[in-house]
Enquirer: 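My questions all concern the structure below.
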Amino acid sequence: MKALPSIDPTLPLDWHPEHVWYTSYGSNTHLDRLAAYLRGGRLPGAAREYPGCRNPAMPARSIPVELTGAMYFATESSVWGGGRAFYDPEVDGRVLARAHLVTTDQFADIAAQEMYRTPGPDLDLDLTDVLSQGRAVLGEGRYERLVCAGQVDGLPVLTFTAPWGIHDVRWVPPSAAYVRFLAAGLLSAGAWDEDAIASYVASCPGATDHWSPEEVAALLDAGPDGH
């Protein structure tokens, strides 16, 4: 297994970096899934075609990380059906994640597509608030809260989530296709084994009582395309 890099919780001094660690805890842990956001296109099990980023290059690196907080599933995804993954950094716990080294513009373009918007210069993000304070709320949309967990190799570890908390919304079970990509992405990161990932996903609010560790493991054994 790969060593798990530790996140320096200190906020970065550079508020205008050229690159950031886009840290995914949902289906974008899987590089094939992330490629749809970067290059455009549609994946098996998804009901939406993505326009892609202005810069379609894949991440320079992808590393496994663990965030402090909790992952849960809520709202209803029109792409996958079932609940989406969200991150609450304000509660105790740990979140298995995968940090992708991308340009700041790519991070903005991925965030735009998560909100069903077309990427472009008018949607570039001002990261000053999140990098200086650790949090920034851009709006009321489901992924319009930015979180900086610290830094790795001097670059900010950034993600986005909902402006609400884990106890402020109804939990919704995720679909098989969504769970498959999320779990397979974590497995390919190389820091956790199948049992650990299956137990983790099954324990997240929204998945609990709907997905058992054995059922999540069976999805992993089936592969990303379900075969």
Enquirer: Under a 4.0 Å N-O cut-off, is there an ion pair linking R54 with D124?
Expert: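 So R54 pairs with D124 through a salt bridge.
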Enquirer: If you define the side chain from C-beta out and look only at heavy atoms, does anything of L101 sit under 4.5 Å from V152?
Expert: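 Heavy-atom side-chain distance check fails, nothing below 4.5 Å.
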Enquirer: With a 3.5 Å distance limit and no angle check, can you tell me whether Y178 reaches the backbone of A85 through a side-chain donor-acceptor pair?
Expert: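 Yes; judged by distance alone, with no hydrogens or angles, the pair exists.
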Enquirer: Is it true that E49 and R39 make a salt bridge, defined as a side-chain N closer than 4.0 Å to a carboxylate O?
Expert: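 No salt bridge links E49 with R39.
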Enquirer: Who passes side-chain contact (heavy atoms from CB on, under 4.5 Å) against D126, sequence neighbours left out?
Expert: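 Applying side-chain contact (heavy atoms from CB on, under 4.5 Å) to D126 gives T128.
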Enquirer: Can you tell me how far the CG atom of L186 sits from the OG atom of S24, to the nearest 0.5 Å?
Expert: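 If we round to the nearest 0.5 Å, L186:CG and S24:OG are 8.0 Å apart.
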Enquirer: At their closest point, which heavy atom of L4 faces which heavy atom of P64, and how far apart are they?
Expert: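 Result for this residue pair: CD1-O, 3.4 Å.
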Enquirer: Would you call L34 and D32 a side-chain contact if the rule is heavy atoms closer than 4.5 Å?
Expert: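 Not in contact.
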Enquirer: Would you please say whether a donor-acceptor pair under 3.5 Å links the side chains of S27 and R33?
Expert: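 Yes, R33 and S27 have a side-chain donor paired with an acceptor closer than 3.5 Å.
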Enquirer: Any non-hydrogen side-chain atom of P213 less than 4.5 Å from a side-chain atom of D195?
Expert: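 The answer is no; the side chains never approach within 4.5 Å.
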Enquirer: For P163 and G141, work out which heavy atoms get closest and say how close.
Expert: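 What the structure gives for the nearest pair is CD-O, 3.1 Å.
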Enquirer: Counting only heavy atoms not in W164 (residues, nucleotides, ligands), do more than 12 fall under 6.0 Å from its CH2?
Expert: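 Counting neighbours around CH2 of W164, more than 12 heavy atoms of other residues, nucleotides or ligands fall under 6.0 Å, so yes.
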Enquirer: Sub-3.5 Å donor-acceptor pair from the side chain of S199 to the main-chain atoms of A196, do we have one?
Expert: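 Between the backbone of A196 and the side chain of S199 there is no qualifying donor-acceptor contact (under 3.5 Å).
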Enquirer: Assigning hydrophobic clusters by single linkage (Ile, Leu, Val, Met, Phe, Trp, Tyr; side-chain heavy-atom cutoff under 4.5 Å), is Y50 placed with Y143?
Expert: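 The answer is yes; both residues are in one hydrophobic cluster.
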Enquirer: Do the charged groups of R135 and E90 touch, with an N to O distance under 4.0 Å?
Expert: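 Result for this pair is yes, salt bridge flagged.
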Enquirer: Would you say the rings of Y25 and F86 are close, in the sense that their centroids are separated by under 6.0 Å?
Expert: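 When the ring centroids of F86 and Y25 are compared, they turn out to be at least 6.0 Å apart.
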Enquirer: Is there a path of hydrophobic side-chain contacts, each under 4.5 Å between heavy atoms, that joins W15 and L158?
Expert: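 Yes, W15 connects to L158 through the hydrophobic network.
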Enquirer: If we ignore hydrogens and angles and just use 3.5 Å, is the side chain of W211 paired with the main-chain N or O of P174 as donor and acceptor?
Expert: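 Yes, W211 side chain to P174 backbone: donor-acceptor pair under 3.5 Å.
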Enquirer: Taking it one step at a time, do L182 and F73 satisfy side-chain contact (heavy atoms from CB on, under 4.5 Å)?
Expert: CA-CA 12 Å; L182 190 164; F73 298 97; 4.0 Å; yes
Enquirer: Ignoring hydrogens and angles, tell me if any N or O in the side chain of E215 forms a donor-acceptor pair with the backbone of S212 under 3.5 Å.
Expert: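 Such a contact is found between E215 side chain and S212 backbone.
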Enquirer: Would you say the side-chain atoms of H100 pair up with the backbone N or O of V102, donor to acceptor, closer than 3.5 Å?
Expert: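 Not a single qualifying donor-acceptor pair exists.
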Enquirer: Quick check on D193: does its CG atom have over 12 non-hydrogen neighbours (other residues, nucleotides or ligands) under 6.0 Å away?
Expert: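 Counting neighbours around CG of D193, more than 12 heavy atoms of other residues, nucleotides or ligands fall under 6.0 Å, so yes.
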Enquirer: How far apart are the closest heavy atoms of Q106 and A57, and which atoms are they?
Expert: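 Scanning both residues completely, I find the closest heavy atoms to be NE2-O, 2.8 Å.
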Enquirer: I need the C53 SG to L38 CG distance, nearest 0.5 Å.
Expert: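 Spacing of SG (C53) from CG (L38) equals 4.5 Å.
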Enquirer: Using every non-hydrogen atom in the two residues, find where L219 and R180 come nearest and quote the distance to one decimal.
Expert: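 Nearest pair, atom of L219 first, then R180: CD2-NH2, 3.3 Å.
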Enquirer: Is the shortest heavy-atom distance from the side chain of L67 to the side chain of I7 under 4.5 Å?
Expert: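 The answer is yes, as the side chains (C-beta and beyond) meet within the 4.5 Å cut-off.
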Enquirer: Decide whether Y72 and R84 meet the rule of one side-chain donor and one side-chain acceptor closer than 3.5 Å.
Expert: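 The answer is no; no qualifying pair exists.
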Enquirer: How far does OG of S132 sit from CG of L11, to the nearest 0.5 angstrom?
Expert: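 Taking OG in S132 and CG in L11, the distance rounds to 7.5 Å.
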Enquirer: Are L127 and M115 connected in a single hydrophobic cluster, I mean Ile/Leu/Val/Met/Phe/Trp/Tyr linked by side-chain heavy atoms less than 4.5 Å apart?
Expert: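 Yes, it is one cluster - the side chains of M115 and L127 are joined through contacts under 4.5 Å.
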Enquirer: Do V172 and M71 land in one hydrophobic cluster if side-chain heavy atoms of ILVMFWY residues count as linked below 4.5 Å?
Expert: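 Different clusters: V172 never reaches M71 through Ile, Leu, Val, Met, Phe, Trp or Tyr contacts under 4.5 Å.
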Enquirer: May I have the step-by-step check of side chain to side chain donor-acceptor pair (under 3.5 Å) for T103 and D105, ending in yes or no?
Expert: CA-CA 5 Å; T103 68; D105 287 347; 5.4 Å; no
Enquirer: Applying a strict under-4.5 Å side-chain criterion to I, L, V, M, F, W and Y, I'd like to know whether L138 and F107 cluster together.
Expert: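 They do share one cluster, since a chain of ILVMFWY contacts under 4.5 Å joins L138 to F107.
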Enquirer: Within the structure provided, determine whether P17 and P156 are in side-chain contact (heavy-atom separation under 4.5 Å).
Expert: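 Heavy-atom side-chain distance check passes, below 4.5 Å.
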Enquirer: Taking T161 for the side chain and Y87 for the main chain, is one N or O donor matched with an acceptor at less than 3.5 Å?
Expert: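 At least one qualifying donor-acceptor pair exists.
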Enquirer: What's the verdict on side-chain contact (heavy atoms from CB on, under 4.5 Å) for N28 and I110, showing C-alpha distance, side-chain angles and the deciding distance?
Expert: CA-CA 10 Å; N28 277 347; I110 293 167; 4.2 Å; yes
Enquirer: Give a yes or no on whether the backbone of T75 and the side-chain of W171 come within a donor-acceptor separation of less than 3.5 Å.
Expert: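 No; judged by distance alone, with no hydrogens or angles, the pair does not exist.
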Enquirer: Between OG1 of T68 and CG of D88, what distance do you get to the nearest 0.5 Å?
Expert: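 If I round to the nearest 0.5 Å, the distance is 12.0 Å.
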Enquirer: Before we go on, tell me: are the rings of Y22 and F160 under 6.0 Å apart, centre to centre?
Expert: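 Yes.
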Enquirer: Quick one: do the R98 and S188 side chains pair a donor with an acceptor below 3.5 Å?
Expert: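 Judged by distance alone, the side chains do pair up.
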Enquirer: Test side-chain contact (heavy atoms from CB on, under 4.5 Å) on D8 and V157; report intermediate values, then the result.
Expert: CA-CA 9 Å; D8 177 356; V157 176; over 6 Å; no
Enquirer: Given Q151 and W21, is the side-chain contact (heavy atoms from CB on, under 4.5 Å) satisfied, shown in steps?
Expert: CA-CA 8 Å; Q151 50 187 317; W21 292 104; over 6 Å; no
Enquirer: Whether the side chain of E76 engages the backbone of G82 through a donor-acceptor N/O pair (distance < 3.5 Å, no angle test) should be reported.
Expert: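 Yes; at least one donor-acceptor contact below 3.5 Å.
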Enquirer: Which heavy-atom pair separates W192 from R94 by the least distance, and what is that distance?
Expert: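 Where W192 meets R94 most closely, the heavy atoms are NE1-NH1, 4.3 Å.
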Enquirer: Give me the atom names and distance for the closest heavy-atom approach of W80 to S175.
Expert: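 Taking W80 first and S175 second, the nearest heavy atoms are O-OG, 3.3 Å.
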Enquirer: Pair E114, Y37 - check side chain to side chain donor-acceptor pair (under 3.5 Å), show working.
Expert: CA-CA 9 Å; E114 286 282 18; Y37 281 94; 3.2 Å; yes
Enquirer: Can you establish whether the number of heavy atoms outside D92 located under 6.0 Å from its atom CG is more than 12?
Expert: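 It does not: D92 CG has 12 such atoms or fewer within range.
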Enquirer: To the closest 0.5 Å, what do you measure between CD1 (I197) and CG (L187)?
Expert: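 With rounding to 0.5 Å, CD1 (I197) is 4.5 Å from CG (L187).
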